[in-house]
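To keep things clear, I will list the structure first and then write my remarks on it.
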Protein chains: 2
Amino acid sequence: MARKGKMMEERHQKIMKYLVDYQLTNQYSPSIREIGDHIGVKSTSLVDYYLRQLTEMGYIDRDERVSRSIRILREYNGDRQGNVRSIQYSRQDVLSFPVLGRIVASEPIPVPGSDLAYFDSESSVEIPRKMLAGHGKESDLFVLEVSGDSMVDAMINDGDKVVFRQANKASNGDMVAVWLANNEETTLKYFYNEGSRIRLQPANPTMQPIYINDPKQVRIMGKVVMVIRNL
Amino acid sequence: MARKGKMMEERHQKIMKYLVDYQLTNQYSPSIREIGDHIGVKSTSLVDYYLRQLTEMGYIDRDERVSRSIRILREYNGDRQGNVRSIQYSRQDVLSFPVLGRIVASEPIPVPGSDLAYFDSESSVEIPRKMLAGHGKESDLFVLEVSGDSMVDAMINDGDKVVFRQANKASNGDMVAVWLANNEETTLKYFYNEGSRIRLQPANPTMQPIYINDPKQVRIMGKVVMVIRNL
DNA sequence: AATATATCAGAACAATTGTTCACAGTCAAG
DNA sequence: CTTGACTGTGAACAATTGTTCTGATATATT
(Lines give C-alpha, C1' and ligand atoms only; values in the text may rest on other atoms or scores of the structure.)
Protein backbone atom coordinates (compact mmCIF):
# COMPACT_ATOMS: atom_id res chain seq x y z
CA MET A 1 0.00 0.00 0.00
CA ALA A 2 1.36 3.35 -1.00
CA ARG A 3 1.63 5.61 2.00
CA LYS A 4 0.93 9.24 1.63
CA GLY A 5 2.83 12.02 3.28
CA LYS A 6 1.00 15.12 4.25
CA MET A 7 3.03 17.20 1.84
CA MET A 8 2.40 15.03 -1.16
CA GLU A 9 -1.27 15.58 -1.71
CA GLU A 10 -0.88 19.28 -1.05
CA ARG A 11 2.03 19.49 -3.47
CA HIS A 12 0.25 17.60 -6.18
CA GLN A 13 -2.70 19.93 -5.89
CA LYS A 14 -0.52 23.01 -5.82
CA ILE A 15 1.39 21.90 -8.90
CA MET A 16 -1.75 21.11 -10.85
CA LYS A 17 -3.30 24.43 -9.99
CA TYR A 18 -0.10 26.17 -10.99
CA LEU A 19 0.02 24.34 -14.29
CA VAL A 20 -3.53 25.33 -15.13
CA ASP A 21 -3.03 28.95 -14.14
CA TYR A 22 0.28 29.20 -15.91
CA GLN A 23 -1.03 27.72 -19.13
CA LEU A 24 -4.03 29.98 -19.00
CA THR A 25 -1.90 33.09 -18.84
CA ASN A 26 1.10 32.04 -20.91
CA GLN A 27 -0.26 29.47 -23.32
CA TYR A 28 2.68 27.24 -22.55
CA SER A 29 3.88 25.21 -19.61
CA PRO A 30 6.30 26.31 -16.91
CA SER A 31 9.77 24.84 -16.62
CA ILE A 32 10.64 22.52 -13.79
CA ARG A 33 12.54 25.28 -12.04
CA GLU A 34 9.61 27.65 -12.29
CA ILE A 35 7.39 25.02 -10.71
CA GLY A 36 9.94 24.52 -7.96
CA ASP A 37 10.07 28.22 -7.21
CA HIS A 38 6.32 28.41 -7.02
CA ILE A 39 5.75 25.51 -4.66
CA GLY A 40 8.78 26.32 -2.55
CA VAL A 41 11.04 23.45 -3.53
CA LYS A 42 14.65 24.25 -4.21
CA SER A 43 15.77 21.13 -5.99
CA THR A 44 14.69 20.29 -9.50
CA SER A 45 14.88 16.62 -8.66
CA LEU A 46 12.07 16.81 -6.16
CA VAL A 47 9.86 18.61 -8.63
CA ASP A 48 10.72 15.96 -11.18
CA TYR A 49 9.76 13.35 -8.62
CA TYR A 50 6.33 14.89 -8.15
CA LEU A 51 5.84 15.29 -11.88
CA ARG A 52 6.58 11.62 -12.38
CA GLN A 53 3.94 10.76 -9.81
CA LEU A 54 1.39 13.04 -11.46
CA THR A 55 2.21 11.42 -14.78
CA GLU A 56 1.71 7.97 -13.34
CA MET A 57 -1.59 9.06 -11.83
CA GLY A 58 -2.68 10.20 -15.26
CA TYR A 59 -3.03 13.86 -14.51
CA ILE A 60 -0.33 15.10 -16.82
CA ASP A 61 1.77 13.99 -19.72
CA ARG A 62 5.29 14.95 -20.75
CA ASP A 63 7.57 14.49 -23.70
CA GLU A 64 11.07 13.48 -22.72
CA ARG A 65 13.80 16.02 -23.14
CA VAL A 66 11.40 18.63 -24.46
CA SER A 67 11.16 21.83 -22.51
CA ARG A 68 7.83 23.06 -21.30
CA SER A 69 6.09 20.04 -22.72
CA ILE A 70 3.73 19.28 -19.87
CA ARG A 71 0.20 18.58 -21.00
CA ILE A 72 -2.66 18.66 -18.55
CA LEU A 73 -4.79 15.59 -19.06
CA ARG A 74 -7.49 16.18 -16.48
CA GLU A 75 -8.37 18.34 -13.58
CA TYR A 76 -6.95 17.43 -10.23
CA ASN A 77 -9.59 16.37 -7.78
CA GLY A 78 -7.53 14.44 -5.29
CA ASP A 79 -9.39 11.71 -3.48
CA ARG A 80 -12.84 13.20 -3.65
CA GLN A 81 -15.72 11.05 -4.81
CA GLY A 82 -16.30 11.31 -8.49
CA ASN A 83 -20.03 11.80 -8.57
CA VAL A 84 -20.21 15.56 -8.19
CA ARG A 85 -18.54 16.98 -11.21
CA SER A 86 -17.72 20.61 -11.18
CA ILE A 87 -17.17 22.95 -14.05
CA GLN A 88 -13.82 22.29 -15.61
CA TYR A 89 -11.93 24.62 -17.75
CA SER A 90 -9.16 23.97 -20.18
CA ARG A 91 -7.77 25.16 -23.42
CA GLN A 92 -9.35 23.63 -26.45
CA ASP A 93 -9.65 24.21 -30.14
CA VAL A 94 -12.22 26.85 -30.77
CA LEU A 95 -13.61 27.79 -34.14
CA SER A 96 -14.41 31.43 -34.57
CA PHE A 97 -17.12 32.15 -37.10
CA PRO A 98 -17.78 35.60 -38.43
CA VAL A 99 -21.46 36.40 -38.43
CA LEU A 100 -22.02 36.87 -42.14
CA GLY A 101 -25.39 38.51 -42.07
CA ARG A 102 -28.95 38.24 -40.99
CA ILE A 103 -31.72 35.89 -41.84
CA VAL A 104 -34.61 37.88 -43.15
CA ALA A 105 -37.67 35.95 -44.12
CA SER A 106 -38.19 37.98 -47.28
CA GLU A 107 -34.70 37.41 -48.67
CA PRO A 108 -32.72 34.38 -49.76
CA ILE A 109 -29.92 33.38 -47.44
CA PRO A 110 -26.54 34.80 -48.37
CA VAL A 111 -24.03 32.04 -48.76
CA PRO A 112 -20.27 32.42 -48.47
CA GLY A 113 -18.55 31.97 -51.78
CA SER A 114 -21.18 33.89 -53.64
CA ASP A 115 -20.17 37.18 -55.17
CA LEU A 116 -21.67 39.15 -52.34
CA ALA A 117 -19.18 41.41 -50.68
CA TYR A 118 -19.17 40.74 -46.98
CA PHE A 119 -18.08 43.45 -44.73
CA ASP A 120 -16.07 42.59 -41.71
CA SER A 121 -18.66 42.02 -39.10
CA GLU A 122 -17.60 42.94 -35.63
CA SER A 123 -19.45 40.05 -34.10
CA SER A 124 -18.23 36.53 -34.19
CA VAL A 125 -19.36 33.30 -32.65
CA GLU A 126 -16.94 30.97 -30.94
CA ILE A 127 -17.68 27.30 -30.85
CA PRO A 128 -15.45 24.57 -29.46
CA ARG A 129 -14.51 22.12 -32.16
CA LYS A 130 -15.72 19.31 -29.95
CA MET A 131 -19.26 20.63 -30.09
CA LEU A 132 -19.27 20.52 -33.88
CA ALA A 133 -18.12 16.95 -34.18
CA GLY A 134 -19.97 15.06 -36.83
CA HIS A 135 -21.15 18.07 -38.73
CA GLY A 136 -18.86 17.60 -41.68
CA LYS A 137 -16.25 19.92 -43.07
CA GLU A 138 -15.76 22.98 -40.93
CA SER A 139 -15.17 25.20 -43.93
CA ASP A 140 -18.73 24.54 -45.06
CA LEU A 141 -20.14 26.10 -41.93
CA PHE A 142 -21.29 29.67 -41.60
CA VAL A 143 -23.28 31.71 -39.13
CA LEU A 144 -26.20 34.06 -39.52
CA GLU A 145 -28.06 36.08 -37.00
CA VAL A 146 -31.83 35.92 -36.95
CA SER A 147 -33.64 39.17 -37.42
CA GLY A 148 -37.21 39.59 -36.31
CA ASP A 149 -39.82 37.09 -35.27
CA SER A 150 -40.11 35.39 -38.63
CA MET A 151 -38.60 32.13 -37.40
CA VAL A 152 -40.71 31.64 -34.31
CA ASP A 153 -42.27 28.52 -35.71
CA ALA A 154 -38.77 27.06 -35.96
CA MET A 155 -38.21 27.81 -32.27
CA ILE A 156 -35.73 30.43 -33.24
CA ASN A 157 -35.87 33.88 -31.78
CA ASP A 158 -34.79 37.36 -32.71
CA GLY A 159 -31.07 37.66 -32.10
CA ASP A 160 -30.30 33.96 -32.16
CA LYS A 161 -27.15 32.87 -33.93
CA VAL A 162 -27.72 29.99 -36.33
CA VAL A 163 -24.88 27.84 -37.60
CA PHE A 164 -25.56 26.47 -41.07
CA ARG A 165 -23.86 23.97 -43.26
CA GLN A 166 -23.94 24.73 -46.95
CA ALA A 167 -26.09 22.22 -48.75
CA ASN A 168 -28.42 22.00 -51.70
CA LYS A 169 -30.09 18.80 -50.71
CA ALA A 170 -31.22 17.41 -47.42
CA SER A 171 -32.09 14.16 -45.72
CA ASN A 172 -35.37 13.51 -44.02
CA GLY A 173 -35.48 15.03 -40.59
CA ASP A 174 -32.90 17.72 -41.23
CA MET A 175 -33.74 21.23 -40.26
CA VAL A 176 -33.08 23.24 -43.37
CA ALA A 177 -33.22 26.78 -44.57
CA VAL A 178 -35.32 26.80 -47.71
CA TRP A 179 -36.17 29.52 -50.19
CA LEU A 180 -39.74 29.14 -51.33
CA ALA A 181 -39.93 30.60 -54.82
CA ASN A 182 -43.70 30.84 -54.62
CA ASN A 183 -43.90 32.81 -51.44
CA GLU A 184 -40.61 34.62 -52.00
CA GLU A 185 -39.41 33.93 -48.51
CA THR A 186 -36.83 32.01 -46.56
CA THR A 187 -37.99 29.74 -43.83
CA LEU A 188 -36.52 27.18 -41.46
CA LYS A 189 -38.32 23.88 -41.32
CA TYR A 190 -37.79 20.21 -40.82
CA PHE A 191 -37.45 18.57 -44.21
CA TYR A 192 -39.24 15.40 -45.27
CA ASN A 193 -39.27 14.08 -48.81
CA GLU A 194 -42.44 11.99 -49.04
CA GLY A 195 -41.98 10.93 -52.63
CA SER A 196 -44.81 12.66 -54.35
CA ARG A 197 -44.47 15.77 -52.27
CA ILE A 198 -42.20 17.57 -49.87
CA ARG A 199 -43.35 18.16 -46.34
CA LEU A 200 -41.92 21.11 -44.41
CA GLN A 201 -42.65 20.65 -40.75
CA PRO A 202 -42.42 23.52 -38.28
CA ALA A 203 -40.46 22.80 -35.13
CA ASN A 204 -43.35 23.90 -33.03
CA PRO A 205 -45.54 20.79 -32.73
CA THR A 206 -48.68 22.87 -32.45
CA MET A 207 -48.22 24.24 -35.94
CA GLN A 208 -49.23 22.67 -39.21
CA PRO A 209 -46.80 21.48 -41.88
CA ILE A 210 -46.56 22.89 -45.39
CA TYR A 211 -46.84 20.52 -48.32
CA ILE A 212 -45.22 21.28 -51.64
CA ASN A 213 -45.82 19.20 -54.74
CA ASP A 214 -43.45 20.94 -57.13
CA PRO A 215 -39.84 20.31 -55.99
CA LYS A 216 -38.67 23.24 -58.07
CA GLN A 217 -40.45 25.58 -55.71
CA VAL A 218 -38.13 24.54 -52.92
CA ARG A 219 -34.52 25.63 -52.93
CA ILE A 220 -32.48 24.29 -50.05
CA MET A 221 -29.94 26.79 -48.87
CA GLY A 222 -28.36 25.00 -45.96
CA LYS A 223 -28.85 22.71 -43.03
CA VAL A 224 -29.13 24.04 -39.55
CA VAL A 225 -26.34 22.64 -37.44
CA MET A 226 -26.69 24.58 -34.24
CA VAL A 227 -28.68 27.37 -32.68
CA ILE A 228 -27.21 29.58 -30.00
CA ARG A 229 -29.22 32.00 -27.95
CA ASN A 230 -27.17 34.26 -25.72
CA LEU A 231 -29.29 36.22 -23.28
CA MET B 1 7.42 50.46 -49.15
CA ALA B 2 8.46 47.04 -48.01
CA ARG B 3 9.36 44.82 -50.87
CA LYS B 4 8.47 41.20 -50.85
CA GLY B 5 10.52 38.34 -52.11
CA LYS B 6 8.77 35.35 -53.52
CA MET B 7 10.02 33.14 -50.73
CA MET B 8 8.90 35.36 -47.91
CA GLU B 9 5.17 35.09 -48.25
CA GLU B 10 5.41 31.37 -48.85
CA ARG B 11 7.64 30.94 -45.81
CA HIS B 12 5.41 32.99 -43.59
CA GLN B 13 2.46 30.92 -44.59
CA LYS B 14 4.34 27.66 -44.17
CA ILE B 15 5.54 28.65 -40.72
CA MET B 16 2.10 29.71 -39.56
CA LYS B 17 0.56 26.50 -40.81
CA TYR B 18 3.27 24.51 -39.09
CA LEU B 19 2.74 26.37 -35.84
CA VAL B 20 -0.97 25.68 -35.89
CA ASP B 21 -0.54 22.01 -36.77
CA TYR B 22 2.23 21.51 -34.24
CA GLN B 23 0.31 23.12 -31.43
CA LEU B 24 -2.75 21.13 -32.29
CA THR B 25 -0.92 17.84 -31.97
CA ASN B 26 1.57 18.64 -29.23
CA GLN B 27 -0.11 21.32 -27.19
CA TYR B 28 3.09 23.32 -27.20
CA SER B 29 5.11 25.23 -29.75
CA PRO B 30 7.99 23.91 -31.81
CA SER B 31 11.55 25.11 -31.25
CA ILE B 32 13.25 27.33 -33.78
CA ARG B 33 15.29 24.43 -35.07
CA GLU B 34 12.22 22.29 -35.51
CA ILE B 35 10.65 25.06 -37.55
CA GLY B 36 13.81 25.34 -39.63
CA ASP B 37 13.84 21.63 -40.34
CA HIS B 38 10.26 21.74 -41.44
CA ILE B 39 10.47 24.66 -43.81
CA GLY B 40 13.84 23.61 -45.19
CA VAL B 41 16.02 26.28 -43.65
CA LYS B 42 19.28 25.20 -42.14
CA SER B 43 20.18 28.24 -40.08
CA THR B 44 18.37 29.21 -36.94
CA SER B 45 19.03 32.85 -37.66
CA LEU B 46 16.88 32.85 -40.76
CA VAL B 47 14.03 31.25 -38.90
CA ASP B 48 14.42 33.84 -36.20
CA TYR B 49 14.35 36.50 -38.88
CA TYR B 50 11.02 35.23 -40.17
CA LEU B 51 9.61 34.91 -36.69
CA ARG B 52 10.49 38.53 -35.99
CA GLN B 53 8.62 39.54 -39.10
CA LEU B 54 5.60 37.51 -38.14
CA THR B 55 5.70 39.09 -34.71
CA GLU B 56 5.84 42.55 -36.19
CA MET B 57 2.93 41.71 -38.45
CA GLY B 58 0.94 40.69 -35.42
CA TYR B 59 0.53 37.06 -36.25
CA ILE B 60 2.48 35.63 -33.35
CA ASP B 61 3.90 36.60 -30.03
CA ARG B 62 6.98 35.36 -28.20
CA ASP B 63 8.53 35.67 -24.79
CA GLU B 64 12.22 36.41 -24.92
CA ARG B 65 14.55 33.66 -23.88
CA VAL B 66 11.74 31.26 -23.18
CA SER B 67 11.73 28.07 -25.15
CA ARG B 68 8.68 27.09 -27.12
CA SER B 69 6.89 30.24 -26.14
CA ILE B 70 5.34 31.15 -29.48
CA ARG B 71 1.72 32.14 -29.22
CA ILE B 72 -0.45 32.27 -32.30
CA LEU B 73 -2.42 35.49 -32.28
CA ARG B 74 -4.43 35.08 -35.45
CA GLU B 75 -4.71 32.97 -38.50
CA TYR B 76 -2.46 33.79 -41.40
CA ASN B 77 -4.32 35.09 -44.39
CA GLY B 78 -1.54 36.76 -46.30
CA ASP B 79 -2.45 39.67 -48.50
CA ARG B 80 -6.01 38.69 -49.19
CA GLN B 81 -8.59 41.40 -48.88
CA GLY B 82 -9.95 41.65 -45.41
CA ASN B 83 -13.62 41.69 -46.20
CA VAL B 84 -14.11 37.99 -46.58
CA ARG B 85 -13.33 36.61 -43.20
CA SER B 86 -12.87 32.93 -42.97
CA ILE B 87 -13.33 30.65 -40.05
CA GLN B 88 -10.42 30.95 -37.71
CA TYR B 89 -9.41 28.47 -35.16
CA SER B 90 -7.33 28.85 -32.09
CA ARG B 91 -6.94 27.54 -28.63
CA GLN B 92 -9.04 29.31 -26.07
CA ASP B 93 -10.33 28.85 -22.58
CA VAL B 94 -13.28 26.54 -22.67
CA LEU B 95 -15.58 25.81 -19.79
CA SER B 96 -16.90 22.31 -19.65
CA PHE B 97 -20.23 21.96 -17.89
CA PRO B 98 -21.62 18.61 -16.89
CA VAL B 99 -25.26 18.29 -17.82
CA LEU B 100 -26.79 17.95 -14.37
CA GLY B 101 -30.21 16.75 -15.33
CA ARG B 102 -33.32 17.46 -17.25
CA ILE B 103 -35.91 20.15 -17.06
CA VAL B 104 -39.28 18.58 -16.64
CA ALA B 105 -42.20 20.93 -16.44
CA SER B 106 -43.77 19.05 -13.58
CA GLU B 107 -40.75 19.14 -11.28
CA PRO B 108 -38.70 21.88 -9.65
CA ILE B 109 -35.31 22.45 -11.15
CA PRO B 110 -32.52 20.63 -9.40
CA VAL B 111 -29.84 23.04 -8.31
CA PRO B 112 -26.19 22.16 -7.74
CA GLY B 113 -25.29 22.29 -4.12
CA SER B 114 -28.49 20.67 -3.01
CA ASP B 115 -28.24 17.29 -1.40
CA LEU B 116 -29.25 15.49 -4.55
CA ALA B 117 -26.68 12.96 -5.58
CA TYR B 118 -25.64 13.64 -9.13
CA PHE B 119 -24.31 10.82 -11.12
CA ASP B 120 -21.55 11.43 -13.52
CA SER B 121 -23.36 12.32 -16.66
CA GLU B 122 -21.59 11.29 -19.80
CA SER B 123 -22.67 14.39 -21.62
CA SER B 124 -21.10 17.74 -21.12
CA VAL B 125 -21.41 21.06 -22.78
CA GLU B 126 -18.36 23.06 -23.77
CA ILE B 127 -18.61 26.80 -23.98
CA PRO B 128 -15.79 29.23 -24.69
CA ARG B 129 -15.24 31.54 -21.77
CA LYS B 130 -15.49 34.46 -24.16
CA MET B 131 -19.09 33.60 -24.93
CA LEU B 132 -20.03 33.75 -21.27
CA ALA B 133 -18.54 37.15 -20.59
CA GLY B 134 -20.78 39.32 -18.49
CA HIS B 135 -22.78 36.49 -17.02
CA GLY B 136 -21.28 36.68 -13.59
CA LYS B 137 -19.41 34.05 -11.65
CA GLU B 138 -18.74 30.95 -13.64
CA SER B 139 -19.22 28.70 -10.66
CA ASP B 140 -22.85 29.81 -10.44
CA LEU B 141 -23.61 28.42 -13.86
CA PHE B 142 -25.08 25.02 -14.53
CA VAL B 143 -26.60 23.22 -17.47
CA LEU B 144 -29.78 21.26 -17.88
CA GLU B 145 -31.19 19.45 -20.84
CA VAL B 146 -34.77 20.07 -21.81
CA SER B 147 -37.04 17.09 -21.89
CA GLY B 148 -40.25 17.12 -23.86
CA ASP B 149 -42.15 19.89 -25.51
CA SER B 150 -43.12 21.68 -22.34
CA MET B 151 -40.96 24.70 -23.06
CA VAL B 152 -42.11 25.41 -26.58
CA ASP B 153 -43.57 28.72 -25.56
CA ALA B 154 -40.11 29.72 -24.38
CA MET B 155 -38.72 28.89 -27.82
CA ILE B 156 -36.91 25.98 -26.31
CA ASN B 157 -37.10 22.55 -27.81
CA ASP B 158 -36.73 18.98 -26.70
CA GLY B 159 -33.05 18.21 -26.36
CA ASP B 160 -31.86 21.79 -26.02
CA LYS B 161 -29.14 22.50 -23.49
CA VAL B 162 -29.95 25.44 -21.27
CA VAL B 163 -27.28 27.26 -19.28
CA PHE B 164 -28.65 28.72 -16.06
CA ARG B 165 -27.27 31.01 -13.47
CA GLN B 166 -28.38 30.31 -9.94
CA ALA B 167 -30.59 33.10 -8.68
CA ASN B 168 -33.54 33.63 -6.42
CA LYS B 169 -34.52 37.00 -7.72
CA ALA B 170 -34.60 38.48 -11.17
CA SER B 171 -34.63 41.79 -12.96
CA ASN B 172 -37.28 42.81 -15.40
CA GLY B 173 -36.70 41.31 -18.79
CA ASP B 174 -34.68 38.32 -17.57
CA MET B 175 -35.65 34.95 -18.80
CA VAL B 176 -36.06 32.89 -15.66
CA ALA B 177 -36.92 29.41 -14.61
CA VAL B 178 -39.75 29.69 -12.09
CA TRP B 179 -41.50 27.14 -9.97
CA LEU B 180 -45.17 27.95 -9.78
CA ALA B 181 -46.43 26.54 -6.48
CA ASN B 182 -50.04 26.74 -7.62
CA ASN B 183 -49.64 24.81 -10.82
CA GLU B 184 -46.85 22.61 -9.45
CA GLU B 185 -44.71 23.10 -12.51
CA THR B 186 -41.52 24.69 -13.70
CA THR B 187 -41.68 27.05 -16.60
CA LEU B 188 -39.35 29.38 -18.47
CA LYS B 189 -40.66 32.86 -18.99
CA TYR B 190 -39.58 36.44 -19.26
CA PHE B 191 -39.93 38.05 -15.86
CA TYR B 192 -41.54 41.43 -15.20
CA ASN B 193 -42.32 42.79 -11.77
CA GLU B 194 -45.16 45.25 -12.29
CA GLY B 195 -45.50 46.29 -8.68
CA SER B 196 -48.87 44.91 -7.77
CA ARG B 197 -48.38 41.78 -9.77
CA ILE B 198 -45.80 39.68 -11.55
CA ARG B 199 -46.06 39.20 -15.28
CA LEU B 200 -44.58 36.10 -16.84
CA GLN B 201 -44.27 36.62 -20.56
CA PRO B 202 -43.78 33.71 -22.96
CA ALA B 203 -41.01 34.14 -25.49
CA ASN B 204 -43.39 33.39 -28.28
CA PRO B 205 -45.01 36.74 -29.08
CA THR B 206 -48.22 35.08 -30.19
CA MET B 207 -48.83 33.70 -26.71
CA GLN B 208 -50.44 35.43 -23.78
CA PRO B 209 -48.66 36.31 -20.54
CA ILE B 210 -49.48 34.91 -17.12
CA TYR B 211 -50.23 37.32 -14.30
CA ILE B 212 -49.60 36.41 -10.69
CA ASN B 213 -50.71 38.53 -7.78
CA ASP B 214 -49.23 36.55 -4.93
CA PRO B 215 -45.42 36.74 -5.09
CA LYS B 216 -45.15 33.69 -2.84
CA GLN B 217 -46.57 31.58 -5.62
CA VAL B 218 -43.50 32.31 -7.73
CA ARG B 219 -40.15 30.79 -6.83
CA ILE B 220 -37.31 31.86 -9.07
CA MET B 221 -34.85 29.07 -9.61
CA GLY B 222 -32.38 30.60 -12.01
CA LYS B 223 -31.85 32.89 -14.92
CA VAL B 224 -31.40 31.56 -18.38
CA VAL B 225 -28.02 32.60 -19.71
CA MET B 226 -27.76 30.66 -22.93
CA VAL B 227 -29.62 28.12 -24.99
CA ILE B 228 -27.80 25.72 -27.24
CA ARG B 229 -29.50 23.53 -29.78
CA ASN B 230 -27.27 20.98 -31.45
CA LEU B 231 -28.92 19.27 -34.38
C1' DA C 1 25.97 52.28 -59.79
C1' DA C 2 24.52 52.49 -55.17
C1' DT C 3 21.39 51.13 -51.72
C1' DA C 4 18.30 48.49 -49.24
C1' DT C 5 16.07 44.42 -48.62
C1' DA C 6 15.65 39.56 -49.16
C1' DT C 7 17.97 35.27 -48.89
C1' DC C 8 20.90 31.93 -46.73
C1' DA C 9 24.66 29.24 -43.94
C1' DG C 10 27.47 28.47 -40.14
C1' DA C 11 29.30 29.08 -35.96
C1' DA C 12 29.78 30.48 -31.54
C1' DC C 13 27.71 31.74 -27.25
C1' DA C 14 24.88 31.96 -23.37
C1' DA C 15 20.87 30.80 -21.20
C1' DT C 16 17.40 27.67 -20.25
C1' DT C 17 16.13 23.38 -19.13
C1' DG C 18 15.59 18.23 -18.38
C1' DT C 19 18.08 14.36 -16.27
C1' DT C 20 20.58 11.98 -12.96
C1' DC C 21 23.32 10.96 -8.96
C1' DA C 22 24.88 11.31 -4.30
C1' DC C 23 23.55 12.15 0.19
C1' DA C 24 20.58 12.55 4.23
C1' DG C 25 16.83 13.09 7.57
C1' DT C 26 11.98 11.58 8.78
C1' DC C 27 8.49 8.39 9.57
C1' DA C 28 5.40 4.45 9.38
C1' DA C 29 4.88 -0.55 8.60
C1' DG C 30 6.35 -5.23 8.95
C1' DC D 1 15.22 -2.67 13.80
C1' DT D 2 15.23 -2.80 9.16
C1' DT D 3 13.00 -1.61 5.05
C1' DG D 4 10.97 1.37 2.07
C1' DA D 5 8.54 5.38 0.84
C1' DC D 6 8.47 10.33 1.59
C1' DT D 7 10.96 14.70 1.91
C1' DG D 8 14.58 17.40 0.67
C1' DT D 9 19.25 19.70 -1.08
C1' DG D 10 22.93 20.40 -4.20
C1' DA D 11 25.59 19.69 -7.88
C1' DA D 12 26.96 18.21 -12.10
C1' DC D 13 25.93 17.07 -16.77
C1' DA D 14 24.12 17.00 -21.20
C1' DA D 15 20.82 18.43 -24.24
C1' DT D 16 17.91 21.76 -25.93
C1' DT D 17 17.22 26.12 -27.31
C1' DG D 18 17.24 31.27 -28.13
C1' DT D 19 20.45 34.94 -29.54
C1' DT D 20 23.83 37.12 -32.12
C1' DC D 21 27.59 37.76 -35.30
C1' DT D 22 30.09 37.18 -39.59
C1' DG D 23 29.90 36.65 -44.17
C1' DA D 24 27.98 35.99 -48.61
C1' DT D 25 24.87 36.24 -52.89
C1' DA D 26 20.85 37.81 -55.16
C1' DT D 27 17.46 41.10 -56.66
C1' DA D 28 14.72 44.96 -57.11
C1' DT D 29 14.47 50.04 -56.44
C1' DT D 30 16.30 54.70 -56.77
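Here is how names work: the chains are called A, B, and so on, in the same order as the sequence lines, proteins then strands, and each is numbered from 1. The basis for the numbers below is simple: all heavy atoms, side chains too, and nothing from hydrogens, waters or symmetry mates.
- The side chain of B:R11 contributes no N or O atom lying less than 4.0 Å from OP1 or OP2 of C:dT7.
- Here A:D140 does not pair with A:R165 in a salt bridge; the nearest charged N to carboxylate O distance is not below 4.0 Å.
- For the pair A:E9 CD and D:dC6 P, the computed distance is 13 Å after rounding to whole Å.
- Rounded to an integer number of Å, the gap from B:E10 CD to C:dC8 P is 10 Å.
- Checking side-chain atoms of B:S69 against main-chain N and O of B:D63 turns up a donor-acceptor pair under 3.5 Å.
- Residues B:R102 and B:D158 are not paired through a salt bridge, judged by the lack of any N-O separation under 4.0 Å between the basic side chain and the carboxylate.
- As a whole-Å value, the separation of A:Y49 OH from D:dG8 P is 10 Å.
- Between the side chain of A:N230 and the main chain of B:M131, a donor-acceptor pair closer than 3.5 Å is present.
- Between the CG atom of B:L46 and the P atom of D:dA24 there is a distance of 18 Å, given to the nearest Å.
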Fill in the blank from the handout: Each nucleotide of nucleotides 15-21 of chain D classed B (base within 4.0 Å of a protein heavy atom), S (only sugar-phosphate) or -, in 5' to 3' order, makes -SBBBBB

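- For the 3.5 Å distance criterion, the side chains of A:Q27 and B:Y28 fail to qualify, holding no donor opposite an acceptor.
- Taking five base pairs at each end of the helix from C:dA1-D:dT30 to C:dG30-D:dC1, the local helix axes there meet at an angle of 20°, rounded to 10°.
- B:Y59 and B:R71 share no donor-acceptor pair across their side chains, judged by distance under 3.5 Å alone.
- Across the protein-nucleic acid pair, A:Q53 atom CD and D:dG8 atom P stand 12 Å apart, rounded to whole Å.
- Rounded to an integer number of Å, the gap from NE2 of B:H12 to C1' of C:dT5 is 13 Å.
- A salt bridge is defined here as a Lys NZ or Arg NE, NH1 or NH2 lying under 4.0 Å from an Asp or Glu carboxylate O, and A:R68 with A:E34 meets this definition.
- For the pair B:Y50 and C:dA6, the criterion of a side-chain N or O lying under 4.0 Å from OP1 or OP2 is not met.
- A parallel orientation is assigned to the rings of B:F142 and B:F164, their planes being inclined by less than 30° (bins at 30° and 60°).
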N/O donor-acceptor pairs under 3.5 Å from side chains in residues 14-21 of chain B, not counting sequence neighbours:
from	atom 1	to	atom 2	distance (Å)
B:K17	NZ	B:D21	OD2	3.0

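- Between the CG atom of A:L51 and the P atom of C:dT20 there is a distance of 14 Å, rounded to whole Å.
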